[in-house]
Amino acid sequence: MTPSELLVWLALIFPFAGTALVPIIAKAGMKAKVYVAVLLGFCTAAAVLIILDLVWFGGPQGLTYSFAWAPSLASSATSSGLSFTVYIDPLAAMMAAIAGGIGALVLLYSVKYMEGQEGLTRYYALVLLFIGSMIGLVFTDNLLILYFFWEAVGLCSYALIGFYTKDPKAARAGIKALVTTRVGDIALLVGIFVLAAGATAALGADFFSQALSIRYLIAHVAALPPTTLAIAGFCFIIGAMGKSAQVPLHVWLPDAMEAPTTISALIHAATMVNAGVYIMARSLPLFASVPYWTDTLMWIGVITAFLAATMALVEPDLKRVLAYSTVSQLGFMMFALGLGFSGFTAATYHLMSHAVFKALLFLGAGAVIHTIGTRNMYEMGGLKTSMKVAYYTMLIGGLSLAGLIPLSGFWSKDYIFLTAWETGRYIPLAIMVITAILTAAYTLRMLNLVFWGQPRREHHVHPTPWQMSLPLVLLALGTTVSWMVIGFLSRTYAMFHFTDVQAFTLLGFIVETVTKPAIAFSLAALALGVGVYYIRKSYAASSVGRVTISAARKGYGFDAFYGGLVAGLVRFGNVFRRTHTGDLNYNLTGLVIGLVILMLVLFFGGVLP
Amino acid sequence: MSDLLMLPLAFLLAGSCVSYAMGRLELVYKKKFLAGTVAFLFFLFALVLQVYAAVQVWSGATMTTTIGGTLLRMDALSVFISLVALTLGMAVCLYSIVYMKDDMGQEYYYLLLMLMVAGILGLSLATDFLVLYLFFELMSIPSYALVAFRRTDGIAVEAGMKYLVMSAVGSVVAFFGISLIYVQTGTLSFSGLLGTVQNTTVLQAALLFLIIGFGVKAAIVPLHTWLPDAHSAAPSGISAMLSGIVIAAGFFTLLRSLLVFTGVGLPIGQILIVLALLTMTVGNIMAFSQLSREKIDLKRILAYSSVAQMGYIILGIGVGVAYGIRAGYEGGLFHIMTHAFMKGLAFLCAGVIIHRLGTRYLNEMQGIGLSMKATGFALTLALLSLAGVPPLSGFMSEWLVFSGAITTYTNIGWVGLLIAVIALVNALISLGYYLPIIRKLYLSPKEENKASILAARDPGVVMLAAILFLAALTIILGIWPELGLRTVKPAVDALMSIGGGL
């Protein structure tokens, strides 16, 4: 076993071992449990960061390892059954670094934030399980194993949203998240197996070792039947819509804010919701040639980004604003991927910068909520002076979200605009620019309501402990400098032969950005956003304003629609239940009559050949 | 060497006698736990022997023995079902030692339990219809008595009665089908029938009779109506056995019989697929609609969930039979195993809670997971596993079934996708009743019974051991499915060759 292979397995073993260890160590005491969890979180982070380094500065082959997981599934003597195959390319390494890095910071932050809560064993075990699953999800090359972790992160999300089990609202939100994302998961599973079955039939590939391998499929994409690709491609999109909260499967994410804020930061902003974007990026070479596939993806992104931004603009709950903002930003990434191969770098670049600044915003919001004990922004205000760390870090995060030079959000969003401009997608681009305007406006509204102006009620502010301020400061630092990795990112992408990827140097990228017309959109969006923010009062007073605002506050009726579906199922079930009388006479009569009818059909009808 | 295959069966039969004797001694000397402990030890021995025999079978030995002109044969399929039955039986036996300690007539309880498992072992060894039928009845008859074991409980007696009548009708119908086969062909031996049976109307009728007859025991919709009553009214250990393995053994019997018709050109697999879809849909909708009743009976939801889970098993096997899809067989068989353990676990946990609180209704259990931590956690695991959530065993077997169903896409195109989507939507609906149960377990207790909820404690070490054993299996089979798949693989190899390798 080479050192790098050991490292890869360790990156997976650390968090899972933590999940198993935390309940055992919990017997030794609260402190030990928490610090073991944090320690393992940082070990994981170190491992994935070294892996990132290995991949960026290694050769163009990535890291490939494999472990025979279920060899008994072999269908023939030559087949190896289901193997846990690891393939780490720059995309996977970056995703893992985000999950591990932000995961470790969140664990550290949790030490104080979650102190004194009930059920901390469960909390730390699940957070570590989540980090491990997320790393497993991006490390593997096997679609089935990817699906395994895909569902496992869903489980963690469900259990952590419902962390406050005694709160009926939290429990309901957890169930809603699992059920809604399961809709997408079903489609993804269908997609995976249709693809694998198609590859087995068309190429004679071995089901588990070849037909499920992403690299094998991409290498043989030309030989796959177009219908197979089309069905699988659209199924994959639905799967991504579930996890990445794209309209109309976005309804679970705002409700997921019942989770502890640390969880919102880690799972519902920085990592898990990126899984959908990740799988779209991963499978782009497979489906890019499917008719309408990229267009569908693009429009889903556009619609989601826009609708979510409008909802964020009117939301009174601080965390839900951030949730809608997450949905909207994920829409930006989907939009970029929908531009085809040329949008690949932009999408993943934005994914990275968004992960950092959104984690920052959530953790900052957590500090605020922790301190003043409400999530309603209309009860906040004037916290600028009393919560300095939270204010300045959140200011950086917010301005990055709004797209201010030179913060990371500006560079990645601008790059998306630039790609769209160069591929000539003017109409969707226009909508996205409007969305960017709204983004600037809702960010400004949030900062204003929370930090600026006069306090709206008495707050007893206590100082932020270092375990909470250190992650904030580190993330703020990341927001300021993380955009500079574009050089490594684009060069390694090009080195790994991701089609159509342009390799930049950092300087080249800056020049490219500031000299192309797209920068005008970015800057105009920011300026207009400020403008929109200042006319908000008069808009809200107009009749159009009242209608649209009330519609947006109700989430445009998506929840009502799903509620109706479930109510319909319940009603049907209750009607159907009446057929089950439990009366033996009816059952026996039915059995005998059925038997007689079948016999008659058999003898006179000749139904069976 | 060849007699080895009889040993687990013989051990169980001997054990049932010894345990009965011990039960009588118990009455005389007022020593509790004697019968149960003895029964548990016999289960353990039988399991060890079965594992030993299994290793021989997997390494390629053919194990046959002849008793008075009757050929018994142990193949990979028999090994599979026997191992599952013995493992679950052992856990239930251990659990019952304490769970049933205050019940009357313990000497009968273990006698019947062991005879039931012996029936499953025996029917897996059969090589002709008559022996199959006899052992099928050996499994069935104790189960009637066990459902109505608490004979002062009116509901249990009524449910047992219903179960008895429906199953007896089923048995008669199946027996009629067997008779028709004999009339038509003059033989009842599987190997004699395989490849020689013709596609005649009489045999089609026989096939129908077999499906309907054995289908009652396998709870195939619309023959499932006895199940929700019987499985919810029985003592919880017995519910675990019935839901976990007896209905699966019923389906196993059906499968063994149907395999004789392989290659005749009858659409057996397709019939199974249709029945499977019907079974899982009705099971799921019924389980789901239990939640809108005024009083939610936890065990009844679990019972209906068994109907739905049988649907997954039959679907997997069905696509295997119909289109020779390996993943279907693997999924179906593996799901028999995982379902046995997770449903067994769910019923055992439910049993403990019901025992502690004296109520079967979920409404009155609100918050019980907060005080009975281990039991609540185990029940949560079982329910999540049933819902098909990784890293638990149910996920592993369910995706195999689904992959089999989706693969039919390459055989029958859109219809195959439709089958898969129906199955998957069922899996979605099933979340709608598993998750609310979990939620109820951990909400704050209601005021009116707060004291009794918070005072409830986890069971003692013996019952807990049985629960943790099954919980561990549920986790291990999820993280390392290879353990179970090693047992499944030889059985699937046998099924993939025509007629199940007969």
Side-chain angles (χ1 to χ4, degrees), chain A residues 68-75 81 144 147-149 151-152 154-155 158 162 165-166 168 171-172 174-175 178-179 182-183 186 189-190 192-194 196-198 200-201 207 228 231 566 569-570 572-574 576-577 580 582 584 586-588 590-592 594-595 598-599 602-603 606 608-609, chain B residues 161-162 165-166 169 173 199 201 204-205 208 212 216 222-223 225-226 228-229 265-267 282 285-286 288-289 291-292 326-327 330 367 369 384 388-391 395 399 402-403 406-407 409-410 417 420-421 424-425 427-429 431-432 435-436 439 442-444 480-482 485-486 488-489:
Chain A
W69 194 26
S72 285
L73 286 174
S75 53
L144 188 61
Y147 183 75
F148 174 83
F149 287 119
E151 288 277 3
L155 166 74
Y158 154 75
T165 56
K166 291 180 187 165
R172 203 174 310 121
I175 293 177
L178 193 56
V179 172
R182 185 57 88 85
V183 174
I186 285 175
L189 190 67
V190 171
I192 289 173
F193 284 126
V194 163
T200 314
F207 191 81
T228 303
I231 296 171
V566 173
L569 184 64
V570 169
F572 172 73
N574 285 336
F576 184 75
R577 210 175 70 208
H580 285 58
L584 189 56
Y586 287 130
N587 296 339
L588 279 183
L591 207 162
V592 171
L595 206 58
L598 281 174
M599 291 304 293
L602 204 57
F603 281 107
L608 298 176
Chain B
M161 193 64 200
K162 193 181 284 182
V165 173
M166 286 292 285
V169 172
V173 173
N199 187 0
T201 315
Q204 290 167 9
L208 265 182
I212 293 176
V216 172
L223 306 166
T225 47
W226 56 272
D229 288 325
L266 293 170
V282 170
I285 289 179
M286 284 305 295
F288 181 69
S289 68
L291 285 179
S292 40
R326 208 184 151 84
E330 282 165 342
L384 285 176
V389 172
F395 172 81
W399 75 251
F402 295 144
S403 99
I406 297 168
T407 310
Y409 160 73
T410 48
L417 276 189
V421 168
L424 284 161
V425 168
L428 182 68
I429 294 175
L431 290 181
L435 301 185
R439 172 172 161 240
Y442 293 102
L443 284 176
S444 337
W480 192 50
E482 179 66 12
L485 288 170
R486 269 192 199 153
V488 170
K489 184 180 178 352

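Values in this document were obtained by computation on a predicted structure and should not be read as measured data. We name chains A, B, ... by the order of the sequence lines, and we start the count at 1 in each one.
Closest approach of Leu485(B) to Ala70(A), counting heavy atoms only: CD1-CB, 3.9 Å. When every heavy atom of Trp399(B) is checked against every heavy atom of Phe193(A), the shortest pair comes out as CE3-CZ, 3.6 Å. Across all non-hydrogen atoms, the minimal contact from Thr165(A) to Tyr442(B) is OG1-O, 3.1 Å. Ser289(B) approaches Arg577(A) most closely through the heavy-atom pair O-NH1, 3.0 Å. Shortest non-hydrogen contact noted between Lys166(A) and Ser444(B) is CB-OG, 3.3 Å. Between Ser72(A) and Arg486(B) the shortest heavy-atom distance is OG-CG, 3.4 Å.
Looking at Val183(A), the atoms closer than 4.5 Å to chain B (heavy atoms on both sides) sit in the backbone and in the side chain alike. With a 4.5 angstrom heavy-atom cutoff, Ile192(A) does not touch chain B via any of its atoms. Heavy atoms of Ala327(B) lying under 4.5 Å from chain A are absent altogether. At a 4.5 Å heavy-atom cutoff, the contact between Leu73(A) and chain B is made by backbone and side-chain atoms alike. If you measure heavy-atom distances from Ile212(B) to chain A, the contacts under 4.5 Å come from the side chain alone. Both the backbone and the side chain of Thr228(A) come within contact range of chain B, with heavy atoms under 4.5 Å apart. Using a 4.5 Å cut-off between heavy atoms, Ala152(A) touches chain B through backbone and side chain atoms alike. For Tyr586(A), no part lies near chain B; criterion is any non-hydrogen pair under 4.5 Å. Using a 4.5 Å cut-off between heavy atoms, Tyr158(A) touches chain B through its side chain atoms alone.
Ranked by heavy-atom pairs shorter than 4.5 Å toward chain B, the options Glu151(A), Arg172(A), Arg182(A) are led by Arg182(A). With chain A as the partner, the residue from Val488(B), Leu417(B), Thr407(B), Leu428(B) showing the most heavy-atom pairs under 4.5 Å is Leu428(B). Ranked by heavy-atom pairs shorter than 4.5 Å toward chain A, the options Ile429(B), Val389(B), Asp229(B) are led by Val389(B). Chain B forms more heavy-atom pairs under 4.5 Å with one residue of Leu598(A), Leu155(A), Val566(A) than with any other, namely Leu155(A). Taking chain A as the reference chain and counting heavy-atom pairs below 4.5 Å, the highest number among Leu435(B), Ile285(B), Leu223(B) is found for Leu435(B). Counting heavy-atom pairs closer than 4.5 Å to chain B, the top-ranked of the candidates Gly154(A), Gly594(A), Pro71(A) is Pro71(A). Chain A forms more heavy-atom pairs under 4.5 Å with one residue of Ser292(B), Gly388(B), Pro390(B) than with any other, namely Pro390(B).
Ring-centre distance between Phe148(A) and Phe395(B): below the 6.0 Å cut-off.
Side-chain atoms of Asn587(A) and Trp226(B), non-hydrogen and from C-beta on, never get closer than 4.5 Å to each other. Two residues are said to be in side-chain contact when any heavy atoms from C-beta on lie closer than 4.5 Å; Phe288(B) and Val570(A) meet this criterion. Residues Thr225(B) and Leu591(A) have side chains not in contact (no heavy-atom distance under 4.5 Å, counting atoms from C-beta outward). Side-chain contact between Thr410(B) and Thr200(A) is absent, with no heavy-atom pair separated by less than 4.5 Å. Taking 4.5 Å as the limit, every side-chain heavy atom of Ile175(A) sits out of range of all side-chain heavy atoms of Leu431(B).
Looking at Leu588(A), Leu595(A), Val592(A) one by one, the single match for side chain to side chain contact (heavy atoms under 4.5 Å, CB included) with Val169(B) turns out to be Leu588(A).
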